[in-house]
Amino acid sequence: MNTITLKPGKEKSLLRRHPWIYATGIATTEGRCEPGATVIVRAADGRFLAKAAYSPESQIRARAWTFDENEPVDHALFKRRVAAAVAYRRQWVKDSDAVRLIFGESDRLPGLIVDYYGNGDKGQLVCQFNSAGVEHWKTAIVQALVKETGCPNVYERSDAAVRQREGLELVTGVLAGAEPDPALSVTEHGVRYYVDVRNGHKTGFYVDQRDNRKLVGDLAAGREVLNCFCYTGGFSLAALRGGATSVTSIDSSGEALKIAAGNVTLNGFEPERATWLDADVFKTLREFRAEGRQFDLIVLDPPKFAPSAQHIDRAARAYKEINLVGMQLLRPGGLLFTYSCSGAISMELFQKIVAGAVTDARADARILRRLSAGTDHPMLAAFPEGEYLKGLLLEKVA
Ligand code: SAH
């Protein structure tokens, strides 16, 4: 049997059921440990800790499937894990047919992301296999997904850079069923959105902001809205449906903006209420400030500024800049929805950065709410890394 034995003291995180085994914590490796192979993980004193998937090229050298010595790592395990993940979403996600069905470590399937768009035969599953372990068990996982959801169409978007850290090639393509429908759309809280499964970012749609888009929609009535980093118009469409008087949206991706404009027509909203700017947010915010533009509700949902802990300082400056100008562009009584999806930046740090921006803008603001991803992105108690998206809702004090 393939076995890895840890250095003394390195068993602690596994005893807390955290699933990662770092290369630096391993003393010895025995057996034929090929990529994705199941290995028994033992403490320095020989105690059983976990069964894990081996990943020879990654710093995270193995990821635990189970902490139960009697649970075999076989097809049935993947069926159980997928079934549990699907049942959980059925219970907790309402009013949307765009759902994060599998959220990696949080669903005890380390490295696997699956989003589900639409329903039944017309539905589309989109997967990212981001670790050697889930890559190895791909066939079993796809079978389980089709069986548990009744959705025959599975597309792979394993083109995220993280795959390279696992020594895996970037691949995309159909895994089961038909080619993705180029006109695929989903309905979230009564708003329809096109989802470009083949060419869109990630799996095509930012499912994680569902609850936050709803909140923006609920608060948008009668407001002039500015949506920065709008992608395909997620927050913009929610604001239009919520009765915003106008919505100005900025993104540097022309492709995304084309889909966003299409979403306005798809929903039958008046195109005059929506302005789409193909531009850099940093530059445009400064221009708006120079022009004295003002808004009643601003959304800042930038890409991940800190891909890792080494980038925190630079990322903090970028977050601070957009929040500072964002605060200045708000009318008194206006609302700011501001987000970070950098795992390396904690909620505490993000709140500090935003508070600093408010001070430097010479404004007062109340923090009305702390925001996060929806319940389909659960955070396992043992795996706090699952909390990557954090946000704040602020009101500028009049
Ligand atoms: N809020 C969106 C998701 C935003 S993803 C939703 O709910 O769907 C981040 C977006 O920022 C991407 O669409 C990317 O094209 C855009 N982007 C990244 N850097 C940018 C910049 N400097 N200026 C404008 N847009 C940028």
Side-chain angles (χ1 to χ4, degrees), residues 96 98-100 115 117 126 157 160 184-189 191-197 199-217 220 225-242 244 247-264 266-267 274-288 297-307 311 314-315 317-323 325-326 329 336-343 371-374 376-377 388-393:
S96 179
V99 179
R100 168 77 32 113
D115 287 338
Y117 301 124
V126 187
R157 279 294 303 270
L184 177 71
S185 70
V186 294
T187 307
E188 178 188 276
H189 294 294
V191 184
R192 287 183 71 189
Y193 297 96
Y194 287 116
V195 179
D196 183 353
V197 161
N199 308 305
H201 295 176
K202 312 274 169 76
T203 68
F205 192 63
Y206 288 91
V207 178
D208 53 2
Q209 291 283 24
R210 176 194 313 111
D211 296 352
N212 297 318
R213 286 188 284 258
K214 163 101 171 40
L215 190 58
V216 164
V225 173
L226 174 63
N227 180 15
C228 300
F229 310 96
C230 68
Y231 186 50
T232 54
F235 286 104
S236 312
L237 272 288
L240 288 170
R241 177 174 153 97
V247 181
T248 302
S249 310
I250 312 170
D251 202 282
S252 54
S253 160
E255 286 302 309
L257 290 171
K258 258 187 239 160
I259 298 175
N263 284 334
V264 176
L266 182 67
N267 286 278
T275 306
W276 306 101
L277 301 177
D278 186 345
D280 175 60
V281 165
F282 291 84
K283 190 162 165 277
T284 309
L285 287 179
R286 287 194 293 262
E287 287 166 5
F288 280 2
L297 190 161
I298 298 178
V299 180
L300 300 171
D301 183 26
K304 202 198 291 181
F305 285 154
H311 302 87
R314 206 180 54 199
R317 284 195 291 278
Y319 286 119
K320 181 155 180 195
E321 173 170 352
I322 55 174
N323 281 283
V325 187
L329 294 181
L336 176 68
F337 288 79
T338 182
Y339 298 93
S340 160
C341 61
S342 302
L371 306 166
S372 63
D376 51 345
H377 295 63
Y388 67 103
L389 180 66
K390 43 296 273 190
L392 295 168
L393 166 56

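In what follows, every heavy atom counts, from backbone to side chain, and hydrogens, waters and symmetry copies are set aside. When a ligand or atom number is given, it counts from 1 through the structure's own listing order.
Side-chain N/O atoms of Thr203 and Tyr117 include a donor and acceptor closer than 3.5 Å.
By the criterion of a heavy-atom distance under 4.0 Å, the backbone of Ala279, and not its side chain, is placed next to ligand 1.
Interatomic distance, Glu255 CD to Asp278 CG, rounded to the nearest 0.5 Å: 10.0 Å. The CZ atom of Arg100 sits 4.0 Å away from the NE2 atom of His377 when rounded to the nearest 0.5 Å.
Taking the ring centroids of Phe235 and Phe337, they lie at or beyond the 6.0 Å cut-off.
Atoms of ligand 1 lying under 4.0 Å from any heavy atom of Tyr231, numbered from 1 in the order shown and given with element: 2 (C), 3 (C), 4 (C), 8 (O), 13 (O). Atom numbering of ligand 1 starts at 1 in the shown order; those under 4.0 Å from a heavy atom of Ser253 are 15 (O). The atoms of ligand 1 that sit less than 4.0 Å from any heavy atom of Tyr206 are 3 (C), 5 (S), 8 (O). Atom numbering of ligand 1 starts at 1 in the shown order; those under 4.0 Å from a heavy atom of Phe235 are 1 (N), 7 (O).
Salt-bridge formation is not detected for the pair Asp115/Lys202: no Lys NZ or Arg NE/NH1/NH2 atom is positioned less than 4.0 Å from an Asp or Glu carboxylate oxygen. Ion pair Arg286/Glu321 flagged as a salt bridge, since at least one NZ, NE, NH1 or NH2 atom sits closer than 4.0 Å to an Asp/Glu carboxylate oxygen.
Annotation: atom 21 (C) of ligand 1 to nearest protein heavy atom, Asp280 OD1, 3.5 Å. Nearest to atom 18 (C) of ligand 1 among the protein's heavy atoms is Pro303 CG, 3.4 Å. Of the protein's non-hydrogen atoms, Phe229 O, 3.2 Å is the one closest to atom 4 (C) of ligand 1. Scanning all protein heavy atoms for the shortest distance to atom 23 (N) of ligand 1 gives Val281 N, 2.9 Å. If you check which protein heavy atom lies closest to atom 7 (O) of ligand 1, you get Arg213 NH1, 2.9 Å. Looking only at protein heavy atoms, the nearest one to atom 1 (N) of ligand 1 is Asp301 OD2, 2.6 Å. Looking only at heavy atoms of the protein, atom 13 (O) of ligand 1 is closest to Asp251 OD2, 2.7 Å. In terms of protein heavy-atom proximity, atom 20 (C) of ligand 1 is nearest to Ser252 OG, 3.5 Å.
Of the options Leu266, Val195, Asn267, a side chain to side chain contact (heavy atoms under 4.5 Å, CB included) to Ser185 is made by Leu266 and by none of the others.
With sequence neighbours left out, the side chain to side chain contact (heavy atoms under 4.5 Å, CB included) criterion links Ala238 to Tyr193, Arg213. With sequence neighbours left out, Asp196 forms a side chain to side chain donor-acceptor pair (under 3.5 Å) with no residue at all.
Shown here is Lys390, whose NZ atom has more than 12 heavy atoms of other residues, nucleotides or ligands within 6.0 Å.
Under the 4.0 angstrom criterion for non-hydrogen atoms, Gly233 is not in contact with ligand 1. Ligand 1 has at least one atom lying under 4.0 Å from a heavy atom of His201.
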